[in-house]
Amino acid sequence: MMINNIRLQNFRNYEDEFVQFMPGTNILIGDNGQGKTNIIEGIYYLLTGKSYRVRREQELLRWEQSEFHLYGDFLINHHKVALESHYKDKKKMVKVNKVSCQRLSDFVGTINVIFFSPDDLVMIKGGPSERRRFLDLHIAQMRPGHVSLLNAYNKVLQQKSALLKSYTEKSFKYSQLQLWNEQIIELGEKIILNRADLTQRLQDVANHIYGDLSSKKENLQVLYSALGKRTVTEAISEFPNLMNDKLEQEIERQMVLVGPHRDDLQILLNNKSGRLYASQGQQRSLVLSMKLAELELIRQEKGEYPLLLLDDVLSELDRFRRDYLIKFIESSHIQTLITMTSADNHLELGTLYRVERGHIRRET
Ligand SMILES: Nc1ncnc2c1ncn2[C@@H]1O[C@H](COP(=O)(O)OP(=O)(O)O)[C@@H](O)[C@H]1O
Ligand SMILES: [Mg+2]
């Protein structure tokens with residue numbers, strides 16, 4: 001997958017800026033606060049319909065403006081695809097090849113983009129929701145149905161928790177509860193299986209990459225822990241029992257306590273929790289390995305690499321890891337957009353762009 005160009009109108013600090021990208025490595029250089037991250041965010045938003053930084057589109061609007069437009073030309077599976085995203089009056093509008101499209105999620109399965117920034121360390125350091133998000137985003141890129149599955153599941157969760165919140169002994173609708181539980185099990189099982197399947201495949205590739213990064217001395221393991229059980233088979237067969245056992249607690253705490261919305265992905269280094277025991281450098285390597293494994297899996301599945309967006313990542317890595325990443329990018333010919341604050345002599349092969357106060361100028 002490749003980006004050919006993007007036009008940003010009234011998006012963040014861009015008034016109306018057009019930039020043409022090249023195959024291979026594209027390097028965006030500029031001081032802090034000039035708009036490097038904003039371009040990356042614009043591309044990501046155009047492709048996914050979401051920002052990874054904010055929840056509300058309002059913040060993406062250039063100050064004092066009431067609407068923004070993003071236009072971009074992409075090459076997806078060797079097909080030219082023009083995407084357009086328009087935000088106005090709290091409404092999002094999306095066009096694919098000039099045709100309006102209800103939801104980008106209908107289309108998202110064919111779009112592959114990997115975004116990587118220092119904030120991705122939350123995958124190790126943060127809570128389970130960060131890791132579920134990582135898994136779900138990845139699955140959604142391969143199987144568009146996963147998004148609707150999650151939406152349906154979340155809707156049932158909301159309905160069940162509304163019921164739990166309205167609990168009074170006399171009026172409690174057990175049959176209604178039973179109905180929600182059946183749906184939670186049905187949809188939840190599918191979510192668990194999707195996540196466990198991805199984890200299994202990530203494990204092999206990520207461990208291999210981690211081996212290269214640590215001169216084979218250390219071992220990375222990722223395990224999906226479903227419903228707190230040791231294996232997925234056990235989790236699925238115990239799902240209904242677990243639910244019955246927790247019913248009283250659910251009523252008491254007025255929340256849904258059993259289901260994949262509480263699952264976690266364990267990331268282990270030499271069989272110990274990466275979050276608790278890995279050093280900062282090891283944690284960075286863990287994340288880097290997971291991200292590169294993600295790239296590799298998408299290539300295996302789709303036959304082409306996704307677009308890779310690296311925001312301020314290189315400066316965070318030590319020399320060895322940085323060289324590894326650069327070698328990976330160069331040898332795979334993956335199209336990459338890299339932001340950095342100063343020219344890095346490791347990157348002689350890319351196209352250079354200067355970003356200054358909301359303007360982008362190609363330098364080579
Ligand atoms: N909604 C907005 N409207 C106008 N300017 C914005 C908006 N949001 C952020 N900015 C400006 O964009 C700049 C930050 O851009 P960013 O891409 O994060 O910088 P960097 O080049 O360091 O990555 C800041 O100067 C900030 O004031
Ligand atoms: Mg930035």
Side-chain angles (χ1 to χ4, degrees), residues 24-44 51-54 113-127 130-131 133-134 137-138 202 205-215 217-218 220 222 265 267-269 273-296 305-332 334-355:
T25 313
N26 295 263
I27 304 155
L28 302 159
I29 288 191
D31 293 339
N32 283 321
Q34 302 302 306
K36 301 181 298 296
T37 299
N38 294 345
I39 304 173
I40 301 284
E41 187 181 32
I43 295 169
Y44 189 88
S51 161
Y52 45 83
R53 288 205 282 192
V54 298
V113 55
I114 301 272
F115 169 75
F116 185 15
S117 86
D119 291 344
D120 282 305
L121 262 188
V122 297
M123 202 159 95
I124 309 287
K125 294 185 165 187
E130 303 289 349
R131 288 178 287 279
R133 197 166 96 101
F134 167 77
L137 276 174
H138 182 95
L202 264 176
V205 186
N207 187 34
H208 185 84
I209 295 170
Y210 195 91
D212 287 345
L213 281 172
S214 66
S215 13
K217 285 186 216 90
E218 295 171 334
L220 157 66
V222 281
L265 176 73
I267 304 176
L268 305 174
L269 183 61
S273 157
R275 185 171 68 85
L276 297 175
Y277 299 109
S279 72
Q280 187 89 351
Q282 285 171 322
Q283 292 188 342
R284 292 214 171 97
S285 291
L286 289 173
V287 178
L288 181 59
S289 307
M290 299 283 282
K291 283 282 167 176
L292 296 183
E294 225 191 327
L295 282 177
E296 209 45 55
Y305 276 112
L307 173 65
L308 179 59
L309 306 173
L310 299 178
D311 194 18
D312 284 337
V313 167
L314 290 189
S315 57
E316 292 274 312
L317 297 172
D318 65 21
R319 177 111 186 229
F320 180 70
R321 295 184 182 94
R322 189 168 49 187
D323 287 350
Y324 183 88
L325 176 59
I326 292 167
K327 223 165 79 195
F328 185 97
I329 292 167
E330 287 177 350
S331 65
S332 57
I334 175 170
Q335 192 193 25
T336 310
L337 271 53
I338 301 180
T339 73
M340 57 177 71
T341 43
S342 62
D344 185 312
N345 57 13
H346 292 269
L347 286 163
E348 286 159 355
L349 295 173
T351 312
L352 207 64
Y353 303 81
R354 174 75 50 185
V355 183

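Because the structure is a prediction, the values reported are computed rather than measured. What's counted below: heavy atoms across the whole structure, side chains too, no hydrogens, waters or symmetry copies.
Not counting sequence neighbours, Gln335 has no partner by the side chain to side chain donor-acceptor pair (under 3.5 Å) test. Residues passing the side chain to side chain donor-acceptor pair (under 3.5 Å) test with Lys125 are Gln280, sequence neighbours excluded. Residues that satisfy the salt bridge (charged side-chain N to carboxylate O under 4.0 Å, His left out) test with Glu296, not counting sequence neighbours, are Arg299. Partners of Tyr305 by ring-ring contact (aromatic ring centres under 6.0 Å, His included), not counting sequence neighbours: none found. In this structure, the side chain to side chain donor-acceptor pair (under 3.5 Å) partners of Asn207, at least two apart in sequence or on a different chain, are Asn219. Residues passing the salt bridge (charged side-chain N to carboxylate O under 4.0 Å, His left out) test with Arg321, sequence neighbours excluded: Asp318. Scored by the salt bridge (charged side-chain N to carboxylate O under 4.0 Å, His left out) test, Asp120 finds Lys291 as partners (sequence neighbours excluded). Contacts of Ser51 classified as side chain to side chain donor-acceptor pair (under 3.5 Å), with partners at least two apart in sequence or in another chain: Glu41. Checked against ring-ring contact (aromatic ring centres under 6.0 Å, His included), Tyr52 has the following partners two or more places apart in sequence or in another chain: Tyr44, Phe115. The salt bridge (charged side-chain N to carboxylate O under 4.0 Å, His left out) check on Arg133 picks up nothing, with sequence neighbours excluded. Applying the side chain to side chain contact (heavy atoms under 4.5 Å, CB included) rule to Ser273 yields the partners Arg275, Leu276, Tyr277; only residues at least two apart in sequence or on another chain are considered. In this structure, the side chain to side chain contact (heavy atoms under 4.5 Å, CB included) partners of Asp119, at least two apart in sequence or on a different chain, are Ser117.
Shown here for Val313 and Phe116, the closest heavy-atom pair between the two residues is CG2-O, 3.1 Å. Between Glu130 and Gly126, the closest heavy-atom pair is CG-CA, 4.2 Å. Closest heavy-atom contact between Asn38 and Arg53: OD1-NH2, 2.7 Å. Taking each heavy atom of Ile114 and Pro306 in turn, the nearest pair found is CG1-CG, 3.6 Å. Across Glu316 and Pro118, no two heavy atoms sit closer than the pair CG-CG, 3.5 Å. Closest approach of Met340 to Asp312, counting heavy atoms only: CA-OD1, 4.3 Å.
Using a 4.5 Å cut-off on side-chain heavy atoms (C-beta onward), Leu292 and Leu325 make contact. Residues Ser315 and Thr341 have side chains not in contact (no heavy-atom distance under 4.5 Å, counting atoms from C-beta outward). Counting heavy atoms from C-beta on, the side chains of Lys327 and Asp323 never come closer than 4.5 Å. Put simply, the side chain of Tyr210 reaches to within 4.5 Å of the side chain of Leu269, judged on heavy atoms. The shortest distance between side-chain heavy atoms of Leu137 and Glu294 does not fall below 4.5 Å.
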Please test Ile43 against Val113 for side chain to side chain contact (heavy atoms under 4.5 Å, CB included), starting from the C-alpha separation and ending with a verdict.
CA-CA 9 Å; Ile43 295 169; Val113 55; 5.5 Å; no
Go through the steps for Leu202 and His138 under the test side chain to side chain contact (heavy atoms under 4.5 Å, CB included), then give the verdict.
CA-CA 11 Å; Leu202 264 176; His138 182 95; 5.6 Å; no
Stepwise side chain to side chain contact (heavy atoms under 4.5 Å, CB included) check, Tyr353 with Ile39
CA-CA 12 Å; Tyr353 303 81; Ile39 304 173; over 6 Å; no
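Thr339 contributes atom OG1, which lies 10.0 Å from atom CG of Leu309 (distance to the nearest 0.5 angstrom). With rounding to the nearest 0.5 angstrom, the CG atom of Leu286 is 5.5 Å from the CG atom of Leu220. Rounding to the nearest 0.5 angstrom, the gap separating the CZ atom in Phe134 from the CD1 atom in Ile124 is 9.5 Å. Distance check: Leu310 CG to Leu28 CG gives 10.5 Å after rounding to the nearest 0.5 Å. To the nearest 0.5 Å, atom CD1 of residue Ile338 and atom OG1 of residue Thr25 are 5.5 Å apart. Atom CG of Asn26 and atom CG of Leu308 lie 11.0 Å apart (nearest 0.5 Å).
Although no hydrogens or angles enter the test, the distance criterion places no donor-acceptor pair under 3.5 Å between the side chain of Lys36 and the main chain of Val355.
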